[in-house]
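Small disclaimer: the values here were computed from a predicted structure and weren't measured.
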Amino acid sequence: MTTPSARLASLALIAILSGCDGAERSSDAVFRVGLQDEPRSLDPALGYDVASWALEHLMFESLVGYGPRSEIVPALAASWEARGDRSWVFHLRTGARFHDGRPVRASDVVATFERLLAPATRSPGASFYAAIAGAPERLAGRPAPPLGVTALDEATVRITLTRPVPVFLQLLAMPFTAVLPAGTGRDSHGTPPVGTGPFRLAAWESGRRIAFERHPHAPPPAGPPGSRPPRGVEVRLGVAESMEVLRFERGDLDVVGALRGIPAADFAFLADHPDWRPRLHRAPDAAVHYVTINTGVPPFDRREVRRAVAMAIDKRRIVRLINGRGEPAAGILPPTVPGFDASLRGLPHDPDRARTLLARAGLGGGFEATYACVANDTQRKVAQAIQQDLAGVGIRLTIKPMALPTYLQAKSTRGQVAIGSGNWSQDYPDPGNFLTTMFHGKNVHDTESLNDSFYENPVVDALLDRAEASVAPADRARLFRQAEAIIIEDAPAVPLYHPVKYHLPGRRV
C-alpha cells in the first residue's frame, strides 16, 4: 500500500461525508476530493491500495466492519456466533439490498467467497482466507472439496475453518470479502457494477472524474446531529499533489489529506494559517514507511549489502523533511499495533560501518542502482534524501518516479524493482498483518507478490506460522517479536518511520 492507512483513509472519508453541512441540501451537495492517478481497481477482490480501499468502502460492505475504536461491528451480518473455534454462523441484516434493488441472500455470500478464492480472479488477498475449508485446494488450482462457506437458509451463512484463526473476524472486515451478487462480472474499468454500500458508482470518466451517488436502499452513515451525507461524491482525477491545496483553498475540493498525505510545504503553510490550523485533524497512523530491498536482485541478494543500506540512511533527517509527521522506526510494527516491541533498537545509523560491510562484500568501490518510487513531491523528497545518504557510502542511485498503479504493479513483480519506496498500512490490528503478509515466504509470487522484498527465511516462516496458529496472546507476541528481530537483522526492508496522519476538511464540512 502507499501513503496513509487504507482503513484510516476510509474512515476519515466516510466520517467527513457524514458530517457535511446539513444546511446545504441543493443539487450542489456533492463532496469533492482530488487524486492524481486513477485507482488501480475498485473491484474489492483486486483493489489493494489506499485510494482503492477508501472508495471501495463507499460502494461495498462485508459481513462485519470496524467501529471507531477498531472494534468489530455488524455490517451485512446483523449478528453472528462462534461454533467452537473453527466455525462461525452469520445472520444477514434484514432488508439489505444491492444497488440494483436485488435482496442480499446467503447464496451471494457463498458466491463472493468462491470468486475471491478462484485462481482466475488472482486476488492479492486470497491467501488471507486459506484457513477456510476447501480454500487451499482452490488457491492451488487443484480439484477442490466443497467450500467451507455454506448457506444454511436465505439469511444464514456458516463458515468452517480447518484450524483456529484468532483474527478471523478482522480478516472478514477487509474489503476483499465485500459481498457481491452471485454471477458478478465487471464493467469496462474492471469494477463490479453493484454492491450494498452507502454510495453506488454513477460514472467513471478516465482522466477526469469518478462519480458516486447515494444508494437509495442503504441506511445513511451516522453523523453529527443536524447533518446528513451529501447527495454524491466526486473524485476529481489528474489533481497533482502540488496543486491540491491551491484547489482546496479555491473551494474546488472539500478535503485534503484524506486519500493521500499533505505535501510538506503545504502542510507547513496550513499548520501556520489562522483559519486552517484549528481545523486540522491529527491521528496516529498504524503504518510503516520503509525502503523495500529485493533480496533476489544482485547485489541486494547479499545480507551485508542490505545491512549497509540500512546503516547508511539517516531516518531522523527524513522525519524532519516531512515536518515531523512521524516517528523514526526501529522495527516494522507501529506502536499502536498489539505486540509492538519497545525494546527493539534496530540497525543503527552508522555510515562508517556501512562502508565496512560493502568492502567485506567486495563492493568497496560502491555500485549503481535504480531507486523506484511514486511520482509525488513527498516521495521524491524522501528518495532524494536516501540518494544522498547512500552516495555517502558509495551507492549511486538513480531515482525513477512512477505513477502509483505502475509502481504498485512493478514492485510486486519478481525482478522489476531492485530497491524502492515501500509503505504498509494496517488492514487489521495484529502483528501478522505486517510481519506475515510482508515477509512470509508463502506470500512470494512472480506477480502480485505481497512480499515485495521477495524475502524467504525458513526460520522466520516457522516462527510466523507458530504465531499465527497460537490462540494465546502472550505466545503470539513472543513469537512475532522473535521473527521481527531476525527480519530487522536480515534487512529485506529498512523501516524509516511510522507516520502521523493529518486531514483538513473544508468550510462546507
Ala130: partners by side-chain contact (heavy atoms from CB on, under 4.5 Å), with sequence neighbours left out: Leu139

Distance in Å, Ile487 CD1 paired with Tyr455 OH, rounded so as to fall on 0.5 Å steps: 5.5 Å

Qualifying salt bridge (charged side-chain N to carboxylate O under 4.0 Å, His left out) pairs, either residue in residues 153-177, two or more places apart: Arg105-Glu154

Verdict with supporting geometry, Met59 and Phe212, side chain to side chain contact (heavy atoms under 4.5 Å, CB included): CA-CA 8 Å; Met59 294 176 63; Phe212 302 88; 3.5 Å; yes

Side chain His99, main chain Gly195, donor-acceptor under 3.5 Å: yes

Residue Glu327 excluded, over 12 heavy atoms near CD under 6.0 Å: no

From CZ (Phe60) to CG (Leu76), nearest 0.5 Å: 12.0 Å

Check against salt bridge (charged side-chain N to carboxylate O under 4.0 Å, His left out), Arg93 and Glu61: CA-CA 12 Å; Arg93 186 176 76 221; Glu61 293 178 289; 3.3 Å; yes

Where at least one partner belongs to residues 119-131, residue pairs that pass side-chain hydrogen bond (donor to acceptor under 3.5 Å, both in side chains), sequence neighbours excluded: Arg122-Thr447, Ser127-Asn443

Reported CD1-to-CZ distance for the pair Ile293 and Phe300, which is rounded to 0.5 angstrom: 6.5 Å

Working for side chain to side chain contact (heavy atoms under 4.5 Å, CB included), residues Ile262 and Arg325: CA-CA 10 Å; Ile262 302 172; Arg325 287 177 288 166; 3.8 Å; yes

Side chain to side chain contact (heavy atoms under 4.5 Å, CB included) evaluation trace for Ile313 with Leu496: CA-CA 8 Å; Ile313 295 174; Leu496 299 176; 3.8 Å; yes

Pairs involving residues 461-477, ordered by first then second residue, that meet side-chain hydrogen bond (donor to acceptor under 3.5 Å, both in side chains) (sequence neighbours left out): Asp430-Arg476, Thr436-Glu468, His440-Asp465

All pairs passing salt bridge (charged side-chain N to carboxylate O under 4.0 Å, His left out) where residues 444-456 contributes a residue, at least two apart: Arg40-Glu448, Lys411-Asp452, Arg414-Asp446

Between Ser453 and Asn451, a side-chain donor and acceptor under 3.5 Å: yes

Separation of Leu463 CG from Ile486 CD1 (nearest 0.5 Å): 5.0 Å

By side-chain hydrogen bond (donor to acceptor under 3.5 Å, both in side chains) - contacts of Glu137 (at least two apart): none

Under the ring pair (Phe, Tyr, Trp, His ring centres under 6.0 Å) test, residues paired with Tyr290 that sit two or more places apart: none

Contacts of type side-chain hydrogen bond (donor to acceptor under 3.5 Å, both in side chains), residue Thr378, not counting sequence neighbours: none

Compile the donor-acceptor pairs under 3.5 Å between side chains in residues 165-173 and protein atoms, sequence neighbours left out, one pair per line.
none

Counterpart residues, salt bridge (Lys or Arg N to Asp or Glu O under 4.0 Å), relative to Glu244 (two or more places apart): Arg260

With Ala403 via side-chain contact (heavy atoms from CB on, under 4.5 Å) - residues at least two apart: Asp37, Pro405, Thr406

No-hydrogen, no-angle side-chain donor-acceptor test under 3.5 Å, Ser62 and Thr177: yes

Atom pair CE (Met438) and CD1 (Ile332), whose distance is rounded to the nearest 0.5 Å: 5.0 Å

Between CG on residue Leu42 and CD1 on residue Ile210, distance to nearest 0.5 Å: 5.5 Å

side-chain hydrogen bond (donor to acceptor under 3.5 Å, both in side chains) involving Asn294 - partner list, sequence neighbours excluded: none

His289/Tyr497 aromatic ring centres below 6.0 Å: yes

Ring centre gap for Phe176 and Trp53 strictly below 6.0 Å: yes

Any donor-acceptor pair under 3.5 Å from His498 side chain to Ala287 backbone: yes

